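Read the structure below first, then the notes.
Here is how names work: the chains are called A, B, and so on, in the same order as the sequence lines, proteins then strands, and each is numbered from 1. As a basis for the values below, the full set of heavy atoms in this structure was taken, side chains included, without hydrogen atoms, waters or symmetry mates. Computed from a prediction, not measured in an experiment: that's the story for all the values here.
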Number of protein chains: 2
Amino acid sequence: MTQGGWISTLKEEGAVRPRRTLAEEAADNLREFILLGKLEPSTSIPERELAEALGISRTPLREALRLLEIEGLVEYSATRRPRVADPSLQELTQYISVLGALEALAGETACVEATDAEIAEIQKLGHDMAEGSSELTALQFFQLDMRFHSSIVEASRNEPLIETHRQYNARLWRARFLSSQQVDRRDNTLSQHSDITAALIARDAKATRRALRDHLKSTISNITRIHEARDAAQTED
Amino acid sequence: MTQGGWISTLKEEGAVRPRRTLAEEAADNLREFILLGKLEPSTSIPERELAEALGISRTPLREALRLLEIEGLVEYSATRRPRVADPSLQELTQYISVLGALEALAGETACVEATDAEIAEIQKLGHDMAEGSSELTALQFFQLDMRFHSSIVEASRNEPLIETHRQYNARLWRARFLSSQQVDRRDNTLSQHSDITAALIARDAKATRRALRDHLKSTISNITRIHEARDAAQTED
DNA sequence: CGGTGATTTTTGGTATACCAAATTCCAAAT
DNA sequence: ATTTGGAATTTGGTATACCAAAAATCACCG
């Protein structure tokens with residue numbers, strides 16, 4: 001070793017990042033397609049065609065599909081034909097239960113682990129949403145909402161928790177996006193967010209947990225409302 | 001359709017189960033190897049060699065490794081050389097936090113969803129452990145303990161929750177197995193189990209959650225004790 | 001016209017070949 | 001003896017070929 005441990009510094013900075021494989025990139029691309037709604041639920045995913053479209057061979061694409069299967073964004077038919085996942089209302093409800101438990105844990109942990117700066121950042125996101133409530137588009141409001149929640153989870157500094165939360169969030173992305181179209185729910189969202197923020201600032205673990213779980217409970221009813229509306233519309237056809 | 005809906009019955013029975021691929025089988029085999037401790041943490045996993053040993057080609061084996069990576073049992077070096085995961089004490093602690101939150105949710109849910117039969121089954125597992133406490137081997141006691149916890153989670157009837165719990169359980173398997181060698185901790189385990197069972201029988205969601213989280217807290221200290229002992233032993237070499 | 005069975009086509013699963021990057025090994029130089 | 005440079009080897013990543021199963025198509029029959 002020559003001057004001071006600058007090499008280990010480099011390592012910690014993440015400058016030495018793992019090489020990315022085509023499979024991971026493909027998974028990122030596909031995930032984005034699915035989350036942005038460019039691919040409808042139940043759309044079938046022919047491996048050859050998609051591989052060609054992405055300019056890669058089937059081998060890495062298949063690995064990507066496997067990753068997305070575990071994330072819950074892709075599912076396989078009984079004869080193993082991959083398609084975009086289309087979770088039932090029951091599954092969505094189950095996802096939210098788990099998501100609620102994860103966020104509640106994250107909130108509790110954040111009360112202990114988070115820096116003041118991190119809490120301030122969360123508070124700021126809450127403010128931005130409140131300020132812009134009347135101007136923001138559905139998508140913008142939704143994205144801020146997602147970041148608000150993710151920031152809380154990240155403040156827990158629990159890497160596996162963050163990752164698992166990310167996965168459940170992805171599974172719920174579409175349903176939550178659709179339900180975020182209900183502009184009349186914004187006030188409710190905002191008031192619950194300020195409850196959460198207040199509890200975090202007070203570093204009151206119990207209150208934070210309670211506020212987060214209450215919030216997720218109204219998410220369930222929002223999603224249920226939308227889902228039932230869509231089902232009704234479909235039946236009419 | 002001929003006589004009664006026996007076809008749909010077949011479907012529900014799972015007789016029409018998805019074809020299993022070599023990748024899934026390989027993942028099962030490898031998982032078993034790792035959980036049973038046949039593969040030490042940090043053991044490197046050469047794809048060709050292992051594929052040959054399993055009698056398959058690298059393609060499905062690589063998919064299996066990808067699955068196990070997400071499960072947290074396999075990790076990749078910066079240059080993407082796969083090896084058996086070797087979680088640090090900090091990671092183990094984080095896993096347990098999440099596991100605790102998952103089991104707490106499962107317990108709450110089970111208070112509402114579980115059938116009396118399911119609760120009786122859980123109670124029976126607790127009894128078996130208590131009865132055999134002085135005779136059972138470490139492995140037997142450990143396996144009953146794992147089944148006790150899994151049964152509670154399964155009683156929640158929340159499929160994604162069960163699956164995520166299974167993954168975290170797998171990540172913690174080895175550490176918990178090692179810490180289960182401390183025979184002197186058995187009484188503590190048993191008394192906590194009976195608290196959990198009592199709360200479940202009373203279908204008292206709050207008490208169940210509390211009992212489960214308390215139980216997991218002592219798991220943390222057990223694992224910490226073992227881990228520090230091993231670290232000390234290693235440093236002596 | 002509707003259904004049924006065979007045939008063709010498509011699709012996913014697996015094995016294999018090849019490449020580039022990483023690792024190992026060895027010899028030359030200091 | 002240690003280090004360094006580079007050749008040889010090993011290893012993971014990707015593309016491709018081939019197979020068997022599934023799905024689609026079509027022709028035939030009631």
Inset, instruction - To the nearest Å, give me how far apart CZ (A/R81) and P (C/dG13) are. - result: 10 Å

Legend entry - Interatomic distance, B/I45 CD1 vs D/dT10 C1' [rounded to whole Å]: 17 Å

Inset, instruction - Could you tell me the separation between the CD atom of B/E63 and the P atom of D/dG13, rounded to a whole number of Å? - result: 13 Å

Inset, instruction - Identify whether the distance between the nearest side-chain nitrogen and carboxylate oxygen of B/R166 and B/E154 falls below 4.0 Å. - result: no

Legend entry - Whole-Å gap separating P (C/dG12) and CD (A/E52): 14 Å

Inset, instruction - For A/E108, enumerate each residue passing the salt bridge (charged side-chain N to carboxylate O under 4.0 Å, His left out) test, keeping only those at least two apart in sequence or located in another chain. - result: A/R209, B/R213

Inset, instruction - Taking side-chain hydrogen bond (donor to acceptor under 3.5 Å, both in side chains) as the test, write out the residues that go with B/S218, two or more places apart. - result: B/Q192

Legend entry - Pair B/K124 + B/E121: basic N to acidic O under 4.0 Å: no

Inset, instruction - Look at the side chain of B/Y168 and the backbone N and O of B/L102, then say whether any donor-acceptor pair between them is shorter than 3.5 Å. - result: no

Legend entry - Touch class at under 4.0 angstrom, heavy-atom based, for A/L65 against every strand present: nothing

Inset, instruction - Please state whether the phosphate of D/dG13, meaning OP1 or OP2, lies under 4.0 angstrom from any side-chain nitrogen or oxygen of B/R80. - result: yes

Inset, instruction - Return the value, rounded to whole Å, for the distance between atom CZ of B/R20 and atom C1' of C/dG12. - result: 17 Å

Inset, instruction - May I ask you to say whether A/R174 pairs ionically with A/E40, meaning some side-chain N is under 4.0 Å from a carboxylate O? - result: yes

Legend entry - Test side-chain hydrogen bond (donor to acceptor under 3.5 Å, both in side chains) applied to B/S44 - qualifying residues, sequence neighbours left out: none

Inset, instruction - Take atom OH of B/Y76 and atom C1' of D/dG13, then tell me their distance rounded to the nearest Å. - result: 11 Å

For nucleotides 5-7 of chain C, which of its nitrogen or oxygen atoms have a protein nitrogen or oxygen under 3.5 Å away, and what is each distance?
none

Legend entry - B/W173-B/F142 aromatic ring centre distance below 6.0 Å: yes

Inset, instruction - Taking only the side-chain nitrogens and oxygens of A/T79, find out if one of them lies under 4.0 Å from OP1 or OP2 of D/dA21. - result: no

Inset, instruction - Using side-chain contact (heavy atoms from CB on, under 4.5 Å) as the criterion, list what pairs up with A/S179, not counting sequence neighbours. - result: A/Q182, A/N222, A/I223, A/I226

Legend entry - Sugar-phosphate, base or nothing in reach of A/R62, heavy atoms under 4.0 Å: base

Inset, instruction - Indicate, with a heavy-atom threshold strictly under 4.0 Å, whether A/L61 touches base, sugar-phosphate, or nothing. - result: nothing

Give me the distances for all protein-to-nucleotides 15-17 of chain D N/O pairs that come in under 3.5 Å?
unit_1	atom_1	unit_2	atom_2	d
D/dA15	OP2	A/S57	N	2.7
D/dA15	OP2	A/S57	OG	2.8
D/dA15	N7	A/T59	OG1	2.8
D/dT16	O4	A/T59	OG1	3.1

